[in-house]
J.: 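Starting off with a structure, shown below.
Counting from 1, the numbers follow the sequence of the chain as shown. When reading the values below, keep in mind they use all heavy atoms of this one structure, side chains included, and skip hydrogens, waters and symmetry mates.
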Amino acid sequence: MSLPTPPATSHHRDTDIRLPGSRVAWAQQNQYFILSHTPIPSTSHPSRTCLEQPAKSILKKRDYPTLPPQEESQRQITPEPEDPLVDLTYLSRPVQQIISPDSTLRELIEAYSILHARLRAAVLTSTDADASWPLFQPLRKNAHAFTKAVVRDLGRAFVEPKSDPDPEDDLPLDCDKELEDEEALSLLPSPKQSPRKKKQGMSASQIKFARDLCTTTHAVLRLLSAIFTLPSLYQIFEDAQLRDMLSQVLAIPMADELPTPNARKTCALSIWLLQVQRLPEIVLLPARDRIAFALRRGMEGELGKEGKKGSACDGLKAVHDLSLHQPSTFIPSFVELLPSILANLLAPTLGLRTQACHALGGFVLGCVSLPLSSIHARISHIVSTFLTTPPTSSSRQSPAKPTTESTIIRTLRTTLNTVDPQHVAQGPVWALTVLASLIVLLGPVASSDARLTRTVSALLSLAMRNKKSSVRALASLLWRCVTWVYLRQPLELSSGGDEDQEGVKTEEDVQLVRESFWKLVKSVVDMGTGVSTVAALLGDSCDDEDRLRKALRLIKTMVNKGGQTTLDAIDMAKILVSHKNNGKSWCLNNLLPHSLFSSNPGLLTADYKTLSIAVKPIFDECPQLNDIRPLSREQLCRDWVFDELIEIWRATLGCLEISDDCSLPSETIATWDGLLRANVAALLDAHDHDDIHEFASKAAGVLAEILGDSQLDLAAIASPTLKVDSNSKTTTNALRRSNSAMKLSAVRELWASMRTIFPNNLLHAGSAKLLERLVEDESDLVWESDAPDTARKEWSRFCSGHLGRL
């Protein structure tokens, strides 16, 4: 075989080379070209990339005829009526195709898709459900036939695609028969029937038939997502018809196996439909156990692998939504799902952990809306076991280091310590949201079990030490849950249940644990927590003296905290003696903010760096100052209540800033007036003048104690008076009044208020006691070093202006 060679080759220079099919033809005669005698530069040739582009292209120019621009084929748009709700024929064609027995699968898919699109576009949630819209006339006239068609087409998911092969199609090679013949000739022993089902191929028509079956079922499920959700649509059908359609939907996730392709997607669509449906209780109540069973299969992974979306995620979403939609219907059945929900908190994927947290929050909101029953005791036992049961030790684990903590507790501690989580399920937001749900589900058991109290206290203390302020604020919201648990009515455990109790606890043991839990409740009072706790303690109409004592002591603790917490305590003291009923009815569930549990979207979708944006609105859902119930007159007239409130009021004197004119703040005057008016009014109603004399002396003694209190320094909190020097154009502090002068001025103002409350003829005992203090302690009251004569002037004004009139 000869290869083509270029013409410069010496041994083929004179030979005529012609190759068949070659486009290169050599010249018949040799031609010679003379090159210039320009010396060849010694430098190397420049690289190929540095050469200039050719001036003229070697490609031939071709003139193409000018063609018209190709028009893109646009899909024809179906004309829509101006007002679909009043159009009688808008739904006629798809409905007729669905109920027709002669429609092919392709026609059914198209009909269901068109009907779904038109209903979604024409019918809204706000559409009047009681009106007989002309749009629904085809569905209303053919409701029975339409129901049968829906049930029929949902059942296509159970049709075996190989059951009806097309004889015209070429069947796949009979490989299985050949393998069976080879096995028969083999001398090795083998079982008669192979335990493993051999896969058989399908023809082209069978594949197409299988896909059409699957797509038809999907189209029906999407249509039902509109019918089962909108009241104006599901009210077209009778309750029995809705039950038939719902039962056929439930048959899909409850089936052991679906022969059609995309079985995982079919099951996921059915679970999603159960999540979004909003059928009435009369339809859902008979099917609630089957719905719970279907959701459990999805959450436990029995309906296929879990991708970005799947039956497990949709099942957890369904638990959240249905628990809020109809808690009385679904919570009793969802108790069986609680172990699966808790197990998904430790799922291998972060997405499932997030959805499990979301589902647990919805389950909590549904539980607390139900009256207290044995269901709550069972839920509390399941959660308590989940929190206290350590993981089973494996053979690889060292026996010298046994694990005493449960897996969830170690997971919560780890996530609470995470500084910069990459996913919400890896950080403290997920941990605190889960912990809030677990605390509420535990209920009163958390405040009566020492082990659970220590566990909850340790996790909350860890959260309050977080460096991020928004995380600490979120942790303070959980104290509302802790208070809710403390005030929750104790659960009555049914005898003969499966609860494993370590022993019968005595009443004294329970009270000791509850006192320990109360220490946890009162340990945090800032960020509005103290306000919520006091509102809860006083919210019930029952007159519980222990709760009242705890509320007053908590306010006293808040006064000494400083900042906004002190201001809240001063406002609460004013509200307690205001005698103004706000008219709000109190419910213990007000302590549980909805957004803390239903947090997707919300806390579970918020960016960790801007967490405060999601946390701040939750505080508005918590009890505020206007939710605190004022004390009754009978409560204010108790001696110990009066003494506690006077002590709180005395502590607030050194906290409020006094104005330039040295008048006391309005909160101080209002609290003092409220205390006196309640007691004087009660004594006047009883016509007990002797007790009024005694009470006046007691009130005057409080004012005398203020004058003799060496620890009270009103000058330190008084606003200095400013004056402008006209010569130097500078502002300097005027001569500040001494502490003695400030106390005399304050007591004089309080005495003036007291005179307006007590009858003049019943103030003699009080005025005598106060005058006695003014005379006996004159030298101490008028002594001052930095502001001479101001205290003396106040003392003289007090004695002559008020007491001298009596």
Side-chain angles (χ1 to χ4, degrees), residues 345 357-358 360-365 367-368 380 383-384 387 408-409 411-418 424-425 427-447 449 452-488 516-537 554 565 588-600 602-604 606 608 611-612 614-623:
L345 292 174
C357 175
H358 184 55
L360 195 64
F363 185 77
V364 167
L365 294 177
C367 286
V368 299
S380 177
V383 177
S384 176
L387 289 175
I408 185 63
I409 296 300
T411 303
L412 292 175
R413 183 181 293 108
T414 302
T415 50
L416 284 173
N417 285 323
T418 305
V424 65
V429 176
W430 177 86
L432 290 173
T433 309
V434 171
L435 183 58
S437 300
L438 295 177
I439 290 173
V440 175
L441 291 178
L442 282 173
V445 175
S447 62
D449 190 296
L452 293 174
T453 299
R454 289 193 301 267
T455 300
V456 172
S457 178
L459 292 174
L460 289 176
S461 300
L462 179 61
M464 291 301 292
R465 294 195 298 269
N466 196 288
K467 295 181 179 180
K468 194 175 180 64
S469 59
S470 55
V471 174
R472 296 195 301 271
L474 179 59
S476 70
L477 290 171
L478 269 68
W479 254 262
R480 280 79 170 175
C481 306
V482 174
T483 305
W484 182 90
V485 166
Y486 180 78
L487 299 177
R488 181 77 161 170
S516 176
F517 197 82
W518 168 248
K519 294 179 181 179
L520 173 63
V521 173
K522 69 178 183 178
S523 61
V524 174
V525 293
D526 53 351
M527 292 180 279
T529 306
V531 175
S532 299
T533 305
V534 173
L537 288 170
L554 196 64
T565 306
L588 187 60
N589 292 341
N590 293 345
L591 284 171
L592 306 177
H594 186 275
S595 300
L596 182 61
F597 302 95
S598 183
S599 52
N600 190 3
L603 289 174
L604 295 178
Y608 188 71
L611 180 61
S612 58
V615 172
K616 286 181 180 179
I618 305 180
F619 283 91
D620 298 333
E621 304 177 22
C622 299

J.: Determine the minimum heavy-atom distance between Val440 and Trp484, stating which atoms define it.
T.: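 Scanning both residues completely, I find the closest heavy atoms to be O-CZ3, 3.5 Å.
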J.: With rounding to the nearest 0.5 angstrom, report the CG to CG distance, Leu360 to Leu438.
T.: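 Atom-to-atom, Leu360:CG and Leu438:CG are 5.5 Å apart.
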J.: Identify, with sequence neighbours excluded, every residue that meets side-chain contact (heavy atoms from CB on, under 4.5 Å) alongside Val456.
T.: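 Val456 satisfies side-chain contact (heavy atoms from CB on, under 4.5 Å) with Ile439, Leu460, Leu520 once adjacent residues are dropped.
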J.: Can you tell if the side chain of Leu442 reaches within under 4.5 Å of the side chain of Ser384, non-hydrogen atoms only?
T.: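 Heavy-atom side-chain distance check passes, below 4.5 Å.
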J.: Are the side chain of Ser599 and the backbone N or O of Ser595 linked by a donor-acceptor pair below 3.5 Å?
T.: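 No; zero donor-acceptor contacts below 3.5 Å.
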J.: Taking the side chain as every heavy atom from C-beta outward, state whether Leu387 and Thr455 have any pair of such atoms under 4.5 Å apart.
T.: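 In short, these two side chains do not touch, never coming nearer than 4.5 Å.
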J.: Say you draw a straight line from CG of Asn466 to CG of Leu416; how long is it, rounded to the nearest 0.5 Å?
T.: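 So the CG of Asn466 and the CG of Leu416 are separated by 8.0 Å.
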J.: In Å and rounded to the nearest 0.5 Å, what is the CZ to OG distance from Arg472 to Ser476?
T.: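 Answer for the CZ-OG pair, Arg472 versus Ser476, is 10.0 Å.
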J.: Can you check whether Pro428 reaches Tyr608 side chain to side chain, under 4.5 Å on heavy atoms?
T.: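 They are in side-chain contact.
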J.: Taking all non-hydrogen atoms of both residues, which atom of Val434 and which atom of Cys357 are closest, and how far apart?
T.: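 Between these two residues, the closest heavy atoms are CG2-SG, 3.6 Å.
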J.: Where the side chain of Ser461 meets the backbone of Ser457, is there a donor-acceptor pair that is under 3.5 Å apart?
T.: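 At least one qualifying donor-acceptor pair exists.
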J.: Look up atom OG in Ser447 and atom CG in Leu452, then write down how far apart they are to the nearest 0.5 Å.
T.: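 These two atoms lie 10.0 Å from each other.
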J.: Kindly give the heavy-atom pair with the smallest separation between Gly443 and Val485, and that separation in Å.
T.: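 Heavy atoms of Gly443 and Val485 come nearest at O-CG1, 2.9 Å.
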J.: Determine, step by step, whether Asp526 and Val524 satisfy the side-chain contact (heavy atoms from CB on, under 4.5 Å) criterion, reporting the C-alpha distance in whole Å, the side-chain angles of both residues, the deciding distance to 0.1 Å, and the verdict.
T.: CA-CA 6 Å; Asp526 53 351; Val524 174; 3.3 Å; yes
J.: For Ser437 versus Phe597, what's the shortest heavy-atom pair and its separation?
T.: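 In terms of heavy atoms, the two residues are closest at OG-CD2, 3.6 Å.
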J.: Does the side chain of Leu592 reach to within under 4.5 Å of the side chain of Cys481, using non-hydrogen atoms?
T.: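 Yes, at least one pair of side-chain atoms sits under 4.5 Å.
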J.: Side chains of Thr533 and Lys522, heavy atoms from C-beta outward: is any pair under 4.5 Å?
T.: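 Of all side-chain heavy-atom pairs linking Lys522 with Thr533, none is under 4.5 Å.
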J.: Calculate, to the nearest 0.5 Å, the distance between atoms CG and CE belonging to Leu474 and Met464 respectively.
T.: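 Going from CG on Leu474 over to CE on Met464, the span is 10.5 Å.
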J.: Going from CG on Leu435 to CZ on Arg413, what distance comes out if it is rounded to the nearest 0.5 angstrom?
T.: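 Here the rounded value is 11.5 Å.
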J.: Identify the heavy atoms of Val531 and Pro623 that sit nearest to each other, and give their distance.
T.: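 Distance-wise, the nearest heavy atoms are CG1-O, 4.2 Å.
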J.: Find out whether Trp479 and Met527 are in side-chain contact, i.e. whether some heavy atom of one side chain is under 4.5 Å from a heavy atom of the other.
T.: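 A side-chain contact under 4.5 Å is absent here.
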J.: Taking the side chain as C-beta and beyond, is there a heavy-atom pair between Val615 and Val471 under 4.5 Å?
T.: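 In short, these two side chains do not touch, never coming nearer than 4.5 Å.
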J.: Suppose we screen for side chain to side chain donor-acceptor pair (under 3.5 Å). Which residues come up paired with Ser532, at least two apart in sequence or across chains?
T.: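 Side chain to side chain donor-acceptor pair (under 3.5 Å) check on Ser532 returns Arg480.
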J.: If you compare all heavy atoms of Gly530 against all heavy atoms of Leu554, which two are closest, and at what distance to 0.1 Å?
T.: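 Closest pair (atom of Gly530, atom of Leu554, distance): O-CD2, 4.1 Å.
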J.: Taking the side chain as every heavy atom from C-beta outward, state whether Val482 and Phe517 have any atom pair closer than 4.5 Å.
T.: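 Yes, their side chains come closer than 4.5 Å.
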J.: Applying the side-chain contact (heavy atoms from CB on, under 4.5 Å) test to Val424, which of Leu603, Thr433, Val429, Leu611 qualifies?
T.: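 Result for side-chain contact (heavy atoms from CB on, under 4.5 Å) with Val424: Val429.
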J.: Set out, in order, the CA-CA distance, both residues' side-chain angles and the distance that settles side-chain contact (heavy atoms from CB on, under 4.5 Å) for Leu459 and Ile409, then state yes or no.
T.: CA-CA 9 Å; Leu459 292 174; Ile409 296 300; 4.1 Å; yes
